[in-house]
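A short worksheet on the structure shown next.
Ligands are counted one by one from 1 in listed order, and the atoms in each one are counted from 1 as well. If you're wondering where the values come from, they're calculated on a predicted model, not measured in any experiment.
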Amino acid sequence: MKLTRYLIVALGFCLVPVAMAQAPAPAAQTPIIDFGSRFLPTVARQGMVVGPEELAAEVGLDVLRAGGNAVDAAVATGFALAVSYPRAGNLGGGGFMLLHLADEDRQTLIDYRETAPAAATRDLFLNENGAVDQQRAYFSHKSAGVPGTVAGLILAQQRYGTLPLADVMAPAIALARDGFAVSFALNQEIAARAERLAMNPEARRLFLDAQGRVPEIGSRWQQPDLAWTLTQIAEHGQKGFYEGEVARRILAEMQAGEGLISAADLAGYRAVEREPVRGTYQQYEIISTPPPSSGGIHIIQILNILEGYDLQAMGHNSAAYIHHLTEAMKLAYADRSRYLADPDFEPVPVAELTDKAYAERQRALIKPGRATPSEEIAPGKVLVDASHDTTHYTVADRFGNVVSNTYTLNFSFGSHIAVPGTGMLLNNEMADFAANPGQPNPFGLVEGEANRIEGGKRPLSSMSPTMVFRDGKPWLATGSPGGSLIITSVLQTALNAMAFDMNIATASAEPRVHHQWQPDKLVVEQGISPDTLALLRALGHNVDVAGRTLGRTQSIMLDRGYLWGATDTRRPGGHVAGY
Ligand code: GLY
């Protein structure tokens with residue numbers, strides 16, 4: 001396997017010689033691919049998994065090699081990340097999985113977003129002064145929504161996988177039971193949250209040693225409780241998690257910590273299939289995540305607005321380009337604050353928001369020579385969260401299936417509360433509701449009444465697993481973590497490829513910008529020229545050069561008979577596994 005991996009990486013640099021060494025000379029001349037770029041994708045032919053962590057990506061690749069399809073590999077990777085990438089891989093969270101099913105030439109979306117417990121009410125996180133109690137909203141048992149991940153992965157497996165659930169879960173169980181060597185990335189991820197993890201006795205026991213130290217790089221890290229929980233699921237399916245002994249342990253912890261999740265909430269949880277949202281940008285079709293995520297709608301809305309400009313003529317990351325991009329982002333995020341919520345509770349005007357005529361009216365509001373202050377922008381007639389944490393991976397198989405999956409505990413390590421005896425962290429996804437509708441949240445985001453807390457409702461998300469089709473075929477699949485940054489990260493990765501002809505590694509690596517309407521701040525990554533920033537400031541933009549990175553995409557481009565993978569280099573540990 002190691003040799004193959006080396007060859008795959010090497011392929012990016014010497015595609016033709018390696019291909020010729022492996023196969024007899026083709027009758028037709030092998031076309032020479034001119035990368036013309038500082039950043040090169042990793043290349044494979046048959047199957048690929050691109051994700052935030054190497055062991056889990058390789059688990060997915062092993063499933064592909066063993067004859068599984070992309071769904072089998074995605075489910076295997078999802079369970080493996082719960083073991084090897086605990087900051088965001090999870091059993092206790094939720095997410096969205098976008099699938100392209102080659103046989104049926106059809107796309108579908110599995111919504112396994114958490115739901116609010118039935119007992120949750122509108123003012124759950126308000127204190128006696130009417131202000132949001134941040135400790136309760138983010139780090140208490142009440143911040144946990146009813147987990148959706150296990151139901152979502154099982155639904156995907158049962159409907160669209162080809163291998164038995166126990167087979168695709170076996171590698172995750174082995175990883176948890178036998179352990180693995182702690183990587184630099186895992187060491188750093190735990191270190192960054194060690195103080196908070198230490199506040200919960202079970203999380204402390206799981207992630208720190210008896211002296212409260214972070215596991216050392218290279219030390220073996222085993223998770224027997226998590227192996228037990230995974231085994232319950234592998235043996236008993238959905239009931240093995242939502243009923244029975246695992247559920248009993250979750251409920252005991254809820255009782256101990258005054259949480260709201262009940263036995264009925266767990267037993268009643270259902271992942272659901274939804275129609276993805278669709279739009280176009282020039283000759284490309286965009287297929288993405290519908291409500292209760294805001295992501296797909298706003299990616300399409302922003303693309304619709306930008307379609308009216310000649311972006312290539314402006315130049316990538318020029319002041320003119322960033323200005324128009326930013327103005328379109330502000331308009332979209334203003335709409336997000338009013339219209340977006342769980343569609344099972346609130347009507348969401350999907351068709352109107354993604355309509356080209358609406359985009360034309362919005363485009364007319366953009367002034368080419370002046371940034372419109374956010375206070376002058378209102379939701380159109382017809383939020384954000386901070387960079388929480390979440391993770392994304394993308395899978396493609398040799399049958400033509402593609403899976404783009406984003407899932408999360410919300411913050412890195414969720415609420416930092418672990419359920420004793422399960423090895424599992426609780427999410428703090430309830431914080432994605434509008435805790436105080438109409439008021440800015442602690443990150444300056446304004447969230448609307450439509451996203452108020454209600455029992456059984458799914459909190460509004462920004463998760464945006466997305467695919468771009470060209471000539472009716474999947475061409476690009478991507479997604480990102482980062483709360484509200486997800487939408488703009490996915491948008492810019494796709495735009496870089498579609499409007500600026502970048503290969504997927506370059507499209508992923510180029511510096512990103514972000515504006516979310518409120519607060520009125522244009523956040524830019526390092527790497528945009530100071531001259532450009534000066535021009536943007538002169539236009540009236542409140543430019544803030546971020547001390548951190550924006551998003552972390554995991555992408556596959558399917559082009560000219562190859563799979564081109566790119567794991568975002570913004571954080572350590574990402575991996576492209578292909579064969
Ligand atoms: N928890 C981040 C999101 O769903 O957007």
Side-chain angles (χ1 to χ4, degrees), residues 52 78 81 85 87-90 92-98 109-116 125 134 137-139 143-149 152 193 271 274 277 288-299 329 332-333 336-337 340-343 348 383-393 404-416 425-435 441-448 450-451 453 457-466 478-491 514 516-517 550-554:
L81 282 170
Y85 192 66
R87 71 181 289 179
N90 67 82
F96 298 91
M97 182 183 283
L98 178 63
L109 185 286
I110 295 176
D111 164 4
Y112 56 99
R113 182 73 163 160
E114 300 89 333
T115 54
F125 298 129
Q134 292 187 37
Y138 300 142
F139 301 114
S143 61
V146 183
T149 293
R193 295 292 176 150
R274 298 187 193 271
V277 286
S288 190
T289 316
S293 175
S294 55
I297 286 179
H298 297 310
I299 288 169
M329 287 175 182
Y333 279 85
R336 184 184 192 274
S337 74
L340 269 291
D342 181 347
V348 180
L383 339 187
V384 251
D385 4 70
S387 177
H388 305 336
D389 219 318
T390 295
T391 194
H392 182 86
Y393 57 91
S404 186
N405 188 67
T406 311
Y407 75 155
T408 188
L409 291 164
N410 197 16
F411 285 13
S412 188
F413 297 94
S415 63
H416 299 66
L425 286 163
L426 293 173
N427 69 77
N428 58 353
E429 216 69 67
M430 292 291 288
D432 273 355
F433 280 114
N441 74 8
F443 309 103
L445 300 170
V446 178
E447 303 184 324
N451 189 33
I453 302 173
K457 189 176 182 181
R458 285 158 147 89
L460 180 59
S461 171
S462 296
M463 286 187 271
S464 312
T466 295
T478 189
S480 175
S484 59
L485 303 168
I486 293 172
I487 299 173
T488 52
S489 299
V490 170
L491 168 80
H514 175 77
Q516 61 190 35
W517 176 52
L550 306 179
R552 183 194 189 189
T553 52
Q554 309 291 349

Worksheet item: Would you say ligand 1 has an N or O under 3.5 Å from any N or O of Ser461?
Response: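 Between Ser461 and ligand 1, an N or O pair is found under 3.5 Å apart.
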Fill in: Thr408 N/O under 3.5 Å from ligand 1 N/O
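Such a contact does not occur with ligand 1.
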Fill in: Pro291 side chain reached by Leu340 side chain, heavy atoms, under 4.5 Å
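Of all side-chain heavy-atom pairs linking Pro291 with Leu340, at least one is under 4.5 Å.
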Worksheet item: Among all residues two or more places apart in sequence or in another chain, which pass the side chain to side chain contact (heavy atoms under 4.5 Å, CB included) test with Thr115?
Response: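 Applying side chain to side chain contact (heavy atoms under 4.5 Å, CB included) to Thr115 gives Val146, Tyr269, Arg458.
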Worksheet item: Got a sec, which residues hit salt bridge (charged side-chain N to carboxylate O under 4.0 Å, His left out) with Glu429, two or more places apart in sequence or on another chain?
Response: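 Checked Glu429 against salt bridge (charged side-chain N to carboxylate O under 4.0 Å, His left out); matches are Arg113.
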Practice prompt. Would you name the heavy atoms of Ser462 and Arg336 that are closest together and state the gap between them?
Written response: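 So the two residues come closest at OG-NH2, 2.8 Å.
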Worksheet entry | ligand 1 atoms in contact with Met463 (distance to a heavy atom under 4.0 Å) |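 Result: 4 (O), 5 (O).
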Discussion item. Please list, in number order, the atoms of ligand 1 under 4.0 Å from a heavy atom of Arg113.
Written reply: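 In order of number, 4 (O).
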